[in-house]
Amino acid sequence: MPELPEVEVVRRGLERLVTGRTIAAVEVLHPRSVRRHVAGAADFTGRLAGLRFAPARRRGKYLWLPLEGADEALLAHLGMSGQFRVQPPGAPDERHLRVRLVFTDPHAGELRFVDQRTFGGLSVHAQTAEGLPDAVAHIARDPLDEGFDEAAFHGALRRRRTTVKRALLDQSLISGVGNIYADEALWRSRLHYDRPTATLARSRTIELLGHIRDVMTAALAAGGTSFDSLYVNVNGESGYFARTLDAYGREDEPCRRCGTAMRRSAWMNRSSYYCPRCQRRPRTPARAPAGV
DNA sequence: AAGCTCTCCTGATGGC
DNA sequence: TGCCATCAGGAGAGCT
């Protein structure tokens, strides 16, 4: 379940291990992993061969490796279970190995994309004038990006007719937040997930953003977080969660603030964890009589 | 036309 | 023991 901090850990690993490496050959072992490359697997491998990686970049949960001299980039999304591994040539294939990139330097090893559930994937895209792969143009800046515009974000929340957790997961409004850190930040902010965004005072939005940044920064400091063996950082080490969660996964356990049993609600085909006392469900305003 | 629901996928887990 | 249902969830297609 990689969110911004986990993806950033992977980005740093890629930056360290594959920057300046030249791609000799690419092997696609599962077509679904390159489905976002609409021209197909053969075009994907052909575009990469012979090119050199510039330092990895990231926006939200997307990361990419610009290709030197090509105005294109190798874009990656880890989805639910995607991993990058740098392995020595000849290391046994992982069970869920999907794409292999072999470098010209035999000492550089291979870059492998491993992904059990195949929600993630790789693709090659032209870079826009802003230096983003075109497929990422609709993704908002993330809250750790110094160009993130708090006033614009608050304005968007006020205009939207939606609820706060939906907005946090909408990558076109704010990127990098997933289900886990959304629940954590909402708990810290004492906000119920169904709170209409149009009712948020500016100070509440600013406070919420502060908690999002705190949660993400702490996770990043812990080296990325994970709950199961699916997430492994670029070296193949398990990025196990080093700090405790306050909300996510704590159904029936006492709220760390008030002791009330935490609850889990089915929400958007997933779960929301919250404290029913600290995070009161907003009153649903009576609808105006119809037909007036 | 913005907002919401559905669907993709695999492995672990639990109930009967 | 074996079989089936359920759950995990990012993101985009598609519907209203």
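If you're wondering where the values come from, they're calculated on a predicted model, not measured in any experiment. The sequence lines fix the lettering, A, B, ..., with proteins before strands; numbering per chain opens at 1.
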**Asked** Out of C:dA8, B:dC8, C:dA11, which nucleotide sits closest to the side chain of A:Phe119?
**Response** B:dC8

**Asked** Is the NZ or CZ atom of A:Arg11 both under 6.0 Å from the centre of the six-membered ring of A:Trp64 and within 45° of that ring's axis?
**Response** no

**Request:** Take atom CD of A:Gln83 and atom C1' of C:dG10, then tell me their distance rounded to the nearest Å.
**Result:** 17 Å

**Message:** Tell me whether A:Glu184 contacts the main-chain N or O of A:Leu245 through its side chain, where contact means a donor paired with an acceptor under 3.5 Å.
**Reply:** no

**Request:** Name the residue closer to the 5' end of DNA chain B, choosing between A:Arg98 and A:Met268 according to the nucleotide with the nearest heavy atom.
**Result:** A:Met268

**Asked** Rounded to whole angstrom units, what separation is found between the CD atom of A:Glu251 and the C1' atom of C:dA8?
**Response** 14 Å

**Prompt:** Quick one: is C:dG10 close enough that its OP1 or OP2 comes under 4.0 Å of any side-chain N or O from A:Tyr181?
**Reply:** no

**Message:** Rounding to an integer number of Å, can you tell me how far A:Arg117 CZ sits from B:dC9 P?
**Reply:** 13 Å

**Message:** Output the rounded distance in Å from CD1 (A:Ile139) to P (C:dG10).
**Reply:** 13 Å

**Request:** Please state whether the phosphate of B:dG11, meaning OP1 or OP2, lies under 4.0 angstrom from any side-chain nitrogen or oxygen of A:His96.
**Result:** yes

**Asked** Per the atom types in the model, does the base of C:dG10 pair as donor or acceptor with the side chain of A:Arg270 at under 3.5 Å?
**Response** yes

**Complete:** A:Leu173 CG to B:dC4 P, in whole Å, measures 12 Å

**Qualifying residue, where the test is side-chain hydrogen bond (donor to acceptor under 3.5 Å, both in side chains) with A:Glu110 and the options are A:Arg85, A:Gln87, A:Arg100** = A:Arg100

**Message:** In whole Å, I'd like the distance from the NE2 atom of A:His77 to the P atom of B:dC8.
**Reply:** 19 Å

**Request:** With the side chain of A:Arg32 defined as its heavy atoms from C-beta on, choose the nearest nucleotide among B:dC8, C:dG12, B:dT7.
**Result:** B:dC8

**Prompt:** Closer than 4.0 Å, any side-chain N/O of A:Arg36 to the OP1 or OP2 of C:dG10?
**Reply:** no

**Request:** Please report, rounded to the nearest Å, how far the P atom of C:dG12 is from the CE atom of A:Met80.
**Result:** 16 Å

**Proximal nucleotide (of B:dC6, C:dG10, C:dA8) relative to the A:Lys61 side chain** = C:dG10

**Item:** N/O (side chain, A:Gln171) to phosphate O (OP1/OP2, C:dA11) under 4.0 Å
**Value:** yes

**Asked** Starting at the 5' end of DNA chain C, which residue's closest nucleotide do you reach first, A:Val177 or A:Tyr273?
**Response** A:Tyr273

**Prompt:** Does A:Arg166 put a side-chain nitrogen or oxygen below 4.0 Å from OP1 or OP2 of B:dC4?
**Reply:** yes

**Asked** Between A:Arg160 and B:dG3, is there a side-chain N or O to OP1/OP2 distance below 4.0 Å?
**Response** yes

**Item:** Any donor-acceptor pair under 3.5 Å from A:Ser189 side chain to A:Ala185 backbone
**Value:** yes

**Request:** Describe the nucleic acid contact of A:Asp115 in one word from base, sugar-phosphate, nothing, applying a heavy-atom distance below 4.0 Å.
**Result:** nothing

**Request:** Answer yes or no: is there a side-chain heavy-atom contact under 4.5 Å between A:Phe53 and A:Leu74?
**Result:** yes

**Complete:** Between CG of A:Asn269 and P of C:dG14 the distance, given in whole Å, is 18 Å

**Prompt:** Between A:Phe153 and A:Phe148, how do the two ring planes meet: parallel, tilted or perpendicular, split at 30° and 60°?
**Reply:** tilted

**Prompt:** Just checking A:Arg35: base, sugar-phosphate only, or nothing, at a heavy-atom cut-off of under 4.0 Å?
**Reply:** nothing

**Asked** When you check the phosphate oxygens OP1 and OP2 of B:dC9, does a side-chain N or O of A:His30 lie under 4.0 Å from one of them?
**Response** no

**Request:** Kindly say if A:Ser271 contacts the phosphate of C:dC7, meaning a side-chain N or O under 4.0 Å from OP1 or OP2.
**Result:** no

